[in-house]
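Here the structure comes first, spelled out in structure tokens, and everything after it is commentary.
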Amino acid sequence: MAIITGVVNSIIYRNSDNGWTVLELCPDEGEKLTIVGALPLASVGERLELTGDYASHPKYGSQFKAVSYNTVAPATLSAIETYLGSGLIKGVGPATARSIVAKFGMETLSVLDEDPLRLSEIPGIGAKRRDMILASYTENRMMRDILLALEPYGVTVNQAFKLFKIYGELCLARIEENPYQIIKDVDGIGFVTADKIAQNVAGFSFDSESRLRAGLLYALSTAANEYGHTYLPRTSLLNYSVKLLGAPQERLSETLDILLSRGEAVQQFVGETEAVFLPYFDRMESYIAEKLLRLSQKPVENPFFDFAAIQAAQKLELSDQQRGAVLSALGEGALVITGGPGTGKTTIIRFITAIMEEIGLEVALTAPTGRAAKRMSDATGHEAKTIHRLLEYVPGEGFLRNADDPLYDDMVIVDEMSMVDAMLMNALLKAISVGTRLILVGDADQLPSVGAGEVLRDIISSETIRVVRLDEIFRQAQSSMIITNAHRINVGFAPLLDVPESDFLFEDVASQDRILERILHICTHPGQVLATREPLLDVQILAPMKKGVLGVYNINAKLQAALNPPAPHKNEHISGDTIFREGDRIMQMKNNYKIEWRKKLANGGSEDGTGAFNGDLGTIHQIHELDRVMSVIFDDERLAIFDYSHIDELELAYCISIHKSQGSEFPIVILPMFGAASPMMTRNLLYTAVTRAKRQVVCIGRRDALMSMVNNNRTDRRYTALCNRLSELKVLGV
């Protein structure tokens with residue numbers, strides 16, 4: 001880390017929502033320097049001491065990335081005047097600043113701190129304006145005090161800025177009262193940081209009950225949010241918490257019992273395991289199990305229809321296996337249809353939809369992501385909605401469709417079920433009445449949901465709901481090496497890499513740098529290798545990791561420069577380390593239910609709605625720096641407007657992680673193959689990546705890396721109770 005001091009010459013850019021600032025500094029030594037970082041209160045004329053590192057930006061050149069800073073009081077009359085007139089303090093412009101400094105000289109800041117009523121001595125400053133100046137100056141000083149108080153404990157300037165916006169002038173008092181509350185209130189602050197504050201600022205003892213309770217609840221939340229567990233075995237929870245908190249296991253066990261007695265956690269047996277849940281996960285998995293069994297046990301008459309006539313109308317001829325799946329879908333209250341690529345899942349959905357339309361029954365098509373819903377719509381010719389949209393989610397109110405106002409469809413078909421987590425499944429089932437057929441379609445061998453739970457696998461493993469397993473690969477799919485190799489990978493066989501005129505290509509490249517060079521060359525000269533001349537539209541690079549030469553971040557920066565370089569007609573916006581440019585491919589990284597969008601309809605009208613969801617892909621349409629907004633056209637043709645306070649929810653998406661590709665399908669997928677020794681490079685990760693491609697897969701890298709993934713059948717076990725609860729309820733005859 002380097003330390004530099006100097007005077008702020010100008011503020012080039014500042015995000016008022018998170019304090020990210022680009023400024024020009026006149027350092028004590030050397031030429032003017034661009035400073036970037038979370039510097040929400042730095043102002044023109046201030047003298048700063050900054051800690052950080054020098055860096056080189058691909059477009060803007062040499063910069064100093066500040067991680068912390070201190071303000072040194074202005075040392076000259078000119079500096080004080082510049083500081084006051086910088087616009088940071090409301091009610092003080094350059095002329096007023098000159099008057100104040102002319103009156104009080106070098107004592108100006110002391111007057112503002114210790115005897116601010118003297119401002120009324122300045123001509124033109126009445127009581128109202130004086131009070132406005134003082135309020136702004138006091139808020140500014142208060143914010144500085146908070147930054148200085150929290151910075152030694154690992155709280156970044158950005159986080160402290162958020163804390164101040166949430167708690168206001170009572171910030172330090174609120175933190176001292178309950179420092180562990182900030183874990184919930186501020187993104188990015190975890191238990192370790194809150195714990196430092198609790199012990200150093202608030203004086204909480206190392207073994208206080210408040211600390212141990214917060215630590216135990218944090219452990220359960222982390223297990224859910226980062227690892228997908230809906231519970232932890234009591235012994236595992238206590239062992240992890242001993243390491244986290246450094247407290248004796250006996251003391252933690254006593255504190256856990258207090259949590260259980262207060263209902264802040266729930267302990268149930270899952271098989272022979274003492275399982276500890278956060279209450280809402282306990283309730284959700286219990287409800288899902290009970291509701292699924294109720295749906296499946298309701299007698300459903302198989303309606304009459306002319307199978308042959310519908311086959312002719314759809315120009316389809318179903319196999320015996322597919323025919324059985326269709327008949328089961330119409331005759332069962334709840335059904336799972338599972339199978340790998342090329343086994344006819346989409347054809348079955350299309351055929352069931354046609355039958356329901358023929359016999360005059362209503363069917364709702366839904367999927368967890370907008371992209372998956374669009375594929376459903378394209379395949380069936382019927383509108384499919386995201387689950388959130390189907391259930392009419394409203395920010396601040398939740399799902400409007402629920403047990404009190406259920407869906408009125410005769411059948412609900414859910415595609416890409418492997419992506420549905422426990423929370424979303426719980427919401428969906430609440431809106432489905434007994435008597436409505438529920439068809440769950442998905443590939444159980446895909447990666448599990450990002451959120452907690454393992455719903456599809458648990459349902460299948462329980463053997464309590466009728467499951468149709470599709471294992472027949474159809475003739476058309478058999479000609480595709482993508483399909484063939486996906487199935488080979490899934491059972492641990494080496495993919496076929498040297499088949500002439502194949503849609504599955506492999507290029508043997510030894511080093512990471514050369515792999516990256518080859519990816520860039522192929523994307524900028526697509527006609528030589530790729531089955532497209534429009535890489536921006538048709539190609540998706542999928543990377544196993546985010547960091548490193550072949551990580552998502554680096555590949556994105558290189559591809560942006562190659563495929564969408566700067567141009568006079570393209571507006572740009574800098575957010576953190578990322579340049580967003582009109583024409584860039586982007587991905588929404590978290591659910592935001594308030595983003596407004598408009599979609600043009602085929603009939604010439606339009607539809608308005610809200611919500612941009614984790615994993616949605618799109619293209620930056622326009623950037624309006626003056627209005628501080630950016631418009632994005634998502635791939636399902638929604639035009640959404642983001643103000644700059646939400647831009648940190650977006651990332652470049654020329655390359656995305658394999659985990660983020662779930663539920664999506666791309667014409668062409670490029671896979672960098674490196675890192676054979678990594679335990680995270682697993683078979684089902686590779687299987688998921690390959691099955692995202694519709695037209696072509698291009699693997700570039702090392703054969704040993706590819707084979708290492710095929711041979712690594714490691715799967716991280718998720719602690720979930722749904723399978724057990726379904727089995728227990730089935731035995732009880734519920």
Side-chain angles (χ1 to χ4, degrees), residues 228-231 270-271 284-297 321-322 324-329 331-346 348-349 352 366-368 372 387 411-426 428-429 432 437-473 486-487 490-492 662-663 682-684 687-688 691 713 715-731 734:
H229 304 307
T230 58
Y231 75 84
V270 177
M284 281 191 293
E285 287 193 311
S286 294
Y287 178 80
I288 291 169
E290 180 184 348
K291 188 62 175 286
L292 276 173
L293 287 176
R294 288 175 60 205
L295 287 170
S296 69
Q297 292 171 0
Q321 197 174 69
Q322 288 178 310
V326 170
L327 293 175
S328 295
E332 298 283 343
L335 176 72
V336 173
I337 301 173
T338 185
T343 56
K345 297 189 299 296
T346 301
I348 291 170
I349 293 173
I352 294 171
T366 189
I387 297 175
M411 177 184 285
V412 176
I413 304 177
V414 187
D415 199 9
E416 295 290 354
M417 259 302 298
S418 63
M419 299 182 65
V420 177
D421 61 24
M423 294 185 73
L424 195 54
M425 189 65 174
N426 178 68
L428 178 64
L429 290 178
I432 296 177
R437 299 170 178 84
L438 176 63
I439 314 301
L440 308 176
V441 184
D443 184 348
D445 293 319
Q446 297 281 359
L447 293 170
S449 59
V450 175
E454 204 158 24
V455 176
L456 180 61
R457 290 183 187 175
D458 280 352
I459 293 172
I460 293 172
S461 298
S462 73
E463 299 182 349
T464 56
I465 306 297
R466 174 74 183 278
V467 177
V468 175
R469 290 179 172 83
L470 304 173
D471 53 20
E472 179 183 356
I473 304 175
H487 285 276
N490 198 35
V491 296
Q662 287 177 270
T682 61
R683 181 187 300 172
N684 73 332
Y687 173 74
T688 298
T691 55
N713 200 26
T715 55
D716 292 326
R717 179 191 173 186
R718 289 192 173 189
Y719 292 113
T720 61
L722 180 58
C723 176
N724 184 267
R725 287 176 172 173
L726 280 165
S727 300
E728 287 181 346
L729 290 175
K730 189 74 170 182
V731 170
V734 175

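The figures here come from the full heavy-atom set of this structure, side chains too, leaving out hydrogens, waters and symmetry mates.
Considering every non-hydrogen atom in both Val420 and Pro368, the closest pair reads CG2-CG, 4.0 Å. Heavy atoms only, all atoms of each residue included: Ala367 and Ala372 are closest at CB-CB, 3.7 Å. Residue Met417 comes nearest to Val414 through the heavy atom pair SD-CG1, 3.7 Å, listed as atom of the first residue, atom of the second, then distance. Of all non-hydrogen atoms in Ile288 and Ala422, the two that sit nearest each other are CD1-O, 3.5 Å. Minimum heavy-atom separation, Tyr719 to Tyr231: CB-O, 3.2 Å. Taking each heavy atom of Val468 and Ala325 in turn, the nearest pair found is CG1-CB, 3.8 Å.
Rounding to the nearest 0.5 Å places CD of Gln321 at 11.0 Å from CZ of Arg469. Note that the CG atom of Asp443 and the CD1 atom of Ile337 stand 13.0 Å from one another [nearest 0.5 Å]. Annotation: the span from Leu456 atom CG to Asp445 atom CG amounts to 9.5 Å, rounded to 0.5 Å. With values rounded to the nearest 0.5 angstrom, Asp458 atom CG is found 12.0 Å from Ile465 atom CD1. How far OH of Tyr287 is from CE of Met425: 10.5 Å, rounded to the nearest 0.5 Å. Atom CG of Leu440 sits about 10.5 Å away from atom CG of Asp415, to the nearest 0.5 Å.
Without hydrogens or angle criteria, Lys345 side chain to Leu470 main chain gives no donor-acceptor distance under 3.5 Å. Of the possible polar contacts, none joining the Thr720 side chain to the Leu722 backbone as a donor-acceptor pair under 3.5 Å is found. Although no hydrogens or angles enter the test, the distance criterion places no donor-acceptor pair under 3.5 Å between the side chain of Arg466 and the main chain of Ala334. Side chain of Thr230 to backbone of Ala452: no donor-acceptor contact under 3.5 angstrom is found. No side-chain donor-acceptor contact under 3.5 Å links Gln662 to the backbone of Met419. In this structure, the side chain of Asn684 does not engage the main chain of Tyr687 through any donor-acceptor pair within 3.5 Å.
Between Leu429 and Glu290 the shortest side-chain heavy-atom distance does not fall below 4.5 Å. Taking the side chain as every heavy atom from C-beta outward, Leu438 and Leu292 approach each other to under 4.5 Å. At least one side-chain heavy atom of Ile352 sits less than 4.5 Å from a side-chain heavy atom of Met411. At a threshold of 4.5 Å between non-hydrogen side-chain atoms, the residues Arg718 and Ser449 count as touching. Taking the side chain as every heavy atom from C-beta outward, Leu293 and Leu726 approach each other to under 4.5 Å.
Residues Ser286 and Arg725 bring a donor and an acceptor atom of their side chains to less than 3.5 Å of each other. Residues Glu285 and Asn724 bring no donor and acceptor atom of their side chains to less than 3.5 Å of each other.
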Going through the checks in order, is the side-chain contact (heavy atoms from CB on, under 4.5 Å) test met by Asp471 and Thr343? CA-CA 6 Å; Asp471 53 20; Thr343 56; 5.8 Å; no

Run the side-chain contact (heavy atoms from CB on, under 4.5 Å) check on Met284 and Asp421 step by step: do they pass? CA-CA 11 Å; Met284 281 191 293; Asp421 61 24; over 6 Å; no

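In this view, Arg457 and Glu454 satisfy the salt bridge (Lys or Arg N to Asp or Glu O under 4.0 Å) rule, not counting sequence neighbours. Remark: Thr691 pairs with Gln446 by the side chain to side chain donor-acceptor pair (under 3.5 Å) rule, at least two apart or across chains.
The number of heavy atoms from other shown groups lying within 6.0 Å of CD (Glu472) is above 12.
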